[in-house]
Amino acid sequence: MQIVNTKSELSVAVSKFNKSGRKVGFVPTMGNLHKGHLSLVSAAFDECDVVVVSIFVNPMQFGENEDLATYPRTPESDIEALSAMNVDLVYLPPVSDVYPGGLTNQTRVVVPGLSEILCGISRPQFFSGVATVVNRLFNLVQPDCAFFGRKDFQQLLVIRKMVRDLAMPVQVHAVDIVREEDGLAMSSRNAYLDSKQRQQAARLNQVLQRAASNYMEYDAITDLERDAREQLASYGFRVDYVEVRRSEDLEQPSGDDTSLVILAAAWIGSTRLIDNREFTVHE
Ligand code: PAF
């Protein structure tokens with residue numbers, strides 16, 4: 001496994017892959033890899049001949065009062081895990097390699113509409129930060145395919161829209177959520193939870209799962225969302241949102257829509273968790 005820290009080393013390695021005509025799969029990450037990330041790497045190997053992973057905690061997607069400074073950074077164990085999976089190339093750049101002109105001077109990608117709802121309301125900088133870095137990483141890695149988790153459902157749709165709108169020659173693959181035994185979606189931020197909070201956290205998935213299966217029992221979606229919010233609050237969460245949306249584009253569902261997703265963001269103490277459940281409505 002080759003590890004590079006600069007875009008010039010990356011471009012030398014990438015041009016070798018391209019010349020050999022092999023199909024390149026790309027998994028962008030912020031490191032602190034868990035089974036969720038490794039499932040993206042496996043999916044990339046299923047689809048592609050060569051797998052490139054980036055590890056970069058992207059400052060542009062963090063707000064001023066967010067956890068950029070404390071975000072878990074574990075490059076040694078990340079490299080070990082990727083090497084055990086025979087990943088071909090890891091790009092682990094410093095901030096100066098990704099934003100050589102500084103963050104404020106950086107040209108940005110804005111994906112309108114989708115970025116301004118749900119998580120975009122409480123994290124207004126987030127999706128532009130993600131789109132900007134993913135666009136730059138796509139340009140550097142030139143992958144045929146890129147792999148994103150369904151856990152970050154809104155992020156997945158933002159990236160799909162960016163790729164469509166900017167006619168990027170990359171196929172975006174969505175990979176299923178990997179959950180702990182009690183159903184908590186794997187996330188690097190789970191490490192912030194103490195043992196009591198960790199137990200509480202499993203309720204997030206349970207509430208969403210219950211709401212999705214009880215969907216047909218409600219006349220109004222707003223009642224279902226309110227009940228889910230109240231249940232989360234009763235388990236000690238500070239709820240940011242719980243919303244049912246159309247899974248295709250996160251618009252409000254109409255009576256004809258059958259592919260839906262219930263999404264939530266909620267705080268336990270100072271940790272913000274997100275999760276979602278996709279479901280189909282059967283008439
Ligand atoms: O999902 C993540 O880990 C990040 O948002 C991503 C896509 C690597 C961009 O920094």
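As the structure lists them, so they are numbered: ligands from 1, and atoms in each ligand from 1.
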Query raised in the report: Distance only, no hydrogens: is a donor on one side chain within 3.5 Å (strictly under) of an acceptor on the other, for Ser187 and Arg189?
Result: no

Query raised in the report: Does any donor atom in the side chain of Tyr71 or Asn58 lie under 3.5 Å from an acceptor atom in the other side chain?
Result: no

Query raised in the report: With a 4.5 Å limit on heavy-atom distance, are the side chains of Phe237 and Val207 in contact?
Result: no

Got the closest protein heavy atom to [atom], with its distance?
| atom | answer |
| --- | --- |
| atom 3 (O) of ligand 1 | Met30 CG, 3.6 Å |
| atom 2 (C) of ligand 1 | Gln155 NE2, 3.9 Å |
| atom 9 (C) of ligand 1 | Gln61 OE1, 3.4 Å |

Requested in this report: Tell me which part of Ile159 gets within contact of ligand 1: side chain, backbone, both or neither, using heavy atoms under 4.0 Å.
Outcome: neither

Report summary line: Correct closest heavy-atom pair for Val244 and Glu225 would be N-OE2, 2.8 Å

Requested in this report: For Val133, take its heavy atoms, then give the atoms of ligand 1 lying under 4.0 Å from any of them.
Outcome: 9 (C), 10 (O)

**Report entry** Backbone of Thr74 reached by a side-chain donor or acceptor of Asn32 within 3.5 Å
**Finding:** no

